[in-house]
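The figures here come from the full heavy-atom set of this structure, side chains too, leaving out hydrogens, waters and symmetry mates. Since the model is a prediction, treat every value here as computed from it, not as a measurement.
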Amino acid sequence: MLTITGLIYGSIMREPGEPYERHESGERERTAAAADAHERSLATRRDERRRRGAFYTPPELVAWVLDHALAGLAPGAPVLDPACGAGHFLVAAARRVGVAAVHGSDLDPEAVRIARERLAAEDPSVPADLIAAQVVVADGLSAWQGRRFAAVVGNPPFLGQLRRRTAGQSEDSRRGLGAYTDTSAVFLHRALDLVDEGGVVALVQPLSVLAARDAGPVRAAVAERGAVTDLWCSPRPVFEGTPVLTCVPVVRLGAGPPTDRDAWGALAAPAFDIPAVDLPAGAGLVGDLATCTADFRDQYYGLVPFVRDDPGGPTPLVTSGLVDPAELRWGSVSTRFARRSYDAPSVDLAALRADGGLARWADARLVPKLLVAAQGRVIEAVVDEEGAWLPSVPVLSVVPHDPADLWRLLAVTLAPPVVAHAAARYLGTGLTPGSVKVSARQLAALPLPVDAGAWAEGAELARSAQAARDGERPPLLAATGRAMTAAYGADPASYDWWWGRIRR
Ligand SMILES: C[S@@+](CC[C@H](N)C(=O)[O-])C[C@H]1O[C@@H](n2cnc3c(N)ncnc32)[C@H](O)[C@@H]1O
């Protein structure tokens with residue numbers, strides 16, 4: 001059974017300084033207070049905390065993880081937290097399987113010392129040297145070789161490439177995963193080798209694990225070994241001191257059917273109020289009709305010397321902020337490019353051609369095309385029928401093989417089921433959870449509609465929407481959305497969701 005749980009911010013966040021656990025007594029209270037003090041002291045040493053990725057887990061989330069990962073485990077079943085910090089998971093797990101059954105590692109010796117003390121306070125009958133042998137100062141990515149646990153739980157550090165390097169973390173412990181794979185996903189990958197068939201891995205992850213390209217090999221490894229059987233995720237941050245959104249995929253080894261590596265985002269979509277859509281296959285993909293391209297920093301920086309503020313300029317530079325659904329706002333709102341504000345950024349094409357460097361690039365872009373903002377509340381795209389505009393990174397270009405397809409492609413970007421599909425599939429990869437982010441590769445992979453008649457109607461409406469004056473555009477956009485919902489044979493719920501997002 002898959003349960004999707006969206007928790008609400010207020011119910012899980014502690015106030016700063018609020019003790020981790022209440023109603024404790026004696027030694028338990030003293031050691032829990034030591035964990036709090038350690039955590040508070042890390043919070044004041046912000047650089048160190050960031051370097052270590054030490055953001056401790058709220059107790060409600062610890063309880064949710066253990067309810068799902070340890071359900072049905074007999075006392076004594078071995079449990080591991082490979083990045084145990086001051087032992088919040090270990091103490092809570094010990095209350096379910098016993099102190100002698102829990103194992104932990106962390107690089108922070110003070111945190112490990114506190115975790116050991118807390119476990120000793122839980123059950124003074126367990127020898128201290130047993131606890132010391134099972135809760136160790138070690139790198140959780142390389143310790144525990146050859147060991148098997150009934151469950152691996154916890155909240156491993158979230159460290160991107162840069163911070164990993166600052167932390168001096170070795171790249172060989174990364175087991176051939178890409179340099180951009182977040183450390184937390186490497187912990188998840190490693191944990192799959194540390195549990196038996198039927199065992200469970202439940203590690204807190206950044207929301208981006210659901211869809212990030214660099215976590216793809218980790219999701220594929222999960223599909224090979226088992227399935228995501230439960231998922232916790234929250235549309236709001238629950239970790240004090242960081243805005244990072246998180247989730248907990250509960251992976252059961254040997255469970256089936258395997259979870260498609262590209263479908264984790266769809267599992268979380270309901271918690272973000274994104275309607276479920278099942279796009280029909282078989283009618284082809286956007287990539288069959290057009291070439292989708294992203295530009296790079298070379299083009300961005302290369303353009304800087306040739307951009308002027310010129311409302312009469314024949315070659316507008318189109319930044320993301322200027323692209324709305326079926327509308328180019330160039331000249332009507334100001335925008336920023338290369339740290340400067342422009343009312344009407346225009347490219348001096350003669351000077352650019354004389355310079356030579358970007359001449360071929362500009363010629364390739366100055367063709368009839370669709371320009372798509374890489375990120376927005378919906379997919380935002382506009383048709384450049386004359387081929388007169390140049391994209392500014394990260395605006396994407398969609399160049400149809402046949403210019404007659406321009407408006408049909410615009411209609412695809414305005415199709416609510418397509419936008420809901422992209423929002424779910426690429427959930428957590430945008431700057432904010434509310435934004436729909438698409439890359440050129442992802443645009444090319446969007447499916448085409450099955451109902452040709454409704455698609456043709458949608459294309460005509462999309463053309464009228466782009467031609468309309470401001471006040472007249474909304475009803476035409478709405479009509480396009482309805483026609484394209486029909487073109488995909490989709491539920492009207494996706495239209496309501498999309499229209500709600502467009503209107504805001
Ligand atoms: C996010 S904290 C979580 C701690 C604990 N799981 C909890 O929620 O209470 C991550 C912990 O990972 C530790 N850490 C960082 N890199 C590590 C590594 N390579 N091996 C083990 N622990 C590591 C940090 O010291 C920190 O205590």
Engineer: Taking the side chain as everything from C-beta on, heavy atoms only, tell me whether T413 gets closer than 4.5 Å to E380.
Structural biologist: no
Engineer: Parallel, tilted or perpendicular, judged at 30° and 60°: which one describes the rings of W144 and F149?
Structural biologist: perpendicular
Engineer: Considering residues, nucleotides and ligands other than R225, do more than 12 of their heavy atoms fall under 6.0 Å from its CZ?
Structural biologist: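 Counting neighbours around CZ of R225, more than 12 heavy atoms of other residues, nucleotides or ligands fall under 6.0 Å, so yes.
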Engineer: Between the side chains of N155 and T57, does any donor sit under 3.5 Å from an acceptor?
Structural biologist: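 A donor-acceptor contact under 3.5 Å links the two side chains.
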Engineer: Can you measure from CZ (F158) to OG (S208) and round to the nearest 0.5 angstrom?
Structural biologist: 8.5 Å
Engineer: List the atom of W455, the atom of A487, and the distance in Å for their closest heavy-atom pair.
Structural biologist: N-CB, 3.7 Å
Engineer: Which pair of non-hydrogen atoms, one from P275 and one from A420, has the smallest distance, and what is that distance?
Structural biologist: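 Scanning both residues, the minimum pair turns out to be O-CB, 4.0 Å.
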Engineer: What pairs with E385 under salt bridge (Lys or Arg N to Asp or Glu O under 4.0 Å), at least two apart in sequence or on another chain?
Structural biologist: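 Only R463 meet the salt bridge (Lys or Arg N to Asp or Glu O under 4.0 Å) criterion with E385.
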Engineer: Side chains of D298 and W361: do they bring a donor and an acceptor to under 3.5 Å?
Structural biologist: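 Looking only at side-chain atoms, W361 and D298 do not form any donor-acceptor pair under 3.5 Å.
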Engineer: Using a cut-off of 6.0 Å, state whether more than 12 heavy atoms not belonging to D278 lie near its atom CG.
Structural biologist: no
Engineer: Is any side-chain heavy atom of R425 closer than 4.5 Å to one of D262?
Structural biologist: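 Yes; the side chains approach each other to less than 4.5 Å.
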Engineer: Might you point out which heavy atoms bring L322 and P345 nearest each other, and give the distance in Å?
Structural biologist: CD1-CG, 4.5 Å
Engineer: Which distance, rounded to the nearest 0.5 Å, do you find between the CG of L349 and the CG of L358?
Structural biologist: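 Going from the CG atom of L349 to the CG atom of L358 covers 10.5 Å.
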Engineer: Between R219 and D260, is there a salt bridge with N-O shorter than 4.0 Å?
Structural biologist: no
Engineer: State the CG-CG distance between D182 and D214, to the nearest 0.5 angstrom.
Structural biologist: 9.5 Å
Engineer: Could you check whether T319 and S392, counting side-chain N and O atoms only, form a donor-acceptor pair closer than 3.5 Å?
Structural biologist: no
Engineer: Hey, what's the ring geometry for W499 with Y495, parallel, tilted or perpendicular (30° and 60° as the breaks)?
Structural biologist: parallel
Engineer: Tell me whether D363 is salt-bridged to R360, with the criterion being a basic N under 4.0 Å from an acidic carboxylate O.
Structural biologist: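 No, this pair does not count.
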Engineer: May I ask you to check if R340 and F337 form a cation-pi contact, with NZ or CZ under 6.0 angstrom from the six-membered ring centre and within 45° of the axis?
Structural biologist: no
Engineer: If you define the side chain from C-beta out and look only at heavy atoms, does anything of L352 sit under 4.5 Å from V347?
Structural biologist: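 Yes, side chains in contact.
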Engineer: In Å, rounded to the nearest 0.5 Å, how long is the span from CD of E60 to CG of D67?
Structural biologist: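 Those atoms lie 12.0 Å apart.
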Engineer: How close do P156 and Q205 get, counting heavy atoms only, and between which atoms?
Structural biologist: CG-NE2, 4.1 Å
Engineer: For R252, what residues pass the side chain to side chain donor-acceptor pair (under 3.5 Å) criterion, not counting sequence neighbours?
Structural biologist: none
Engineer: Hey, are R190 and D193 close enough for a salt bridge, meaning a charged N less than 4.0 Å from a carboxylate O?
Structural biologist: no
Engineer: Could you tell me which non-hydrogen atom of D288 sits nearest to which non-hydrogen atom of G284, and how far apart they are?
Structural biologist: OD2-CA, 3.2 Å
Engineer: For the atom pair OG (S397) and CZ (R365), what is the distance rounded to the nearest 0.5 Å?
Structural biologist: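 Result: 4.5 Å between the selected atoms.
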Engineer: Within this structure, what is the CG-CG distance for the pair L427 and L245, rounded to the nearest 0.5 Å?
Structural biologist: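 Rounded to the nearest 0.5 Å, the CG-CG separation comes to 9.0 Å.
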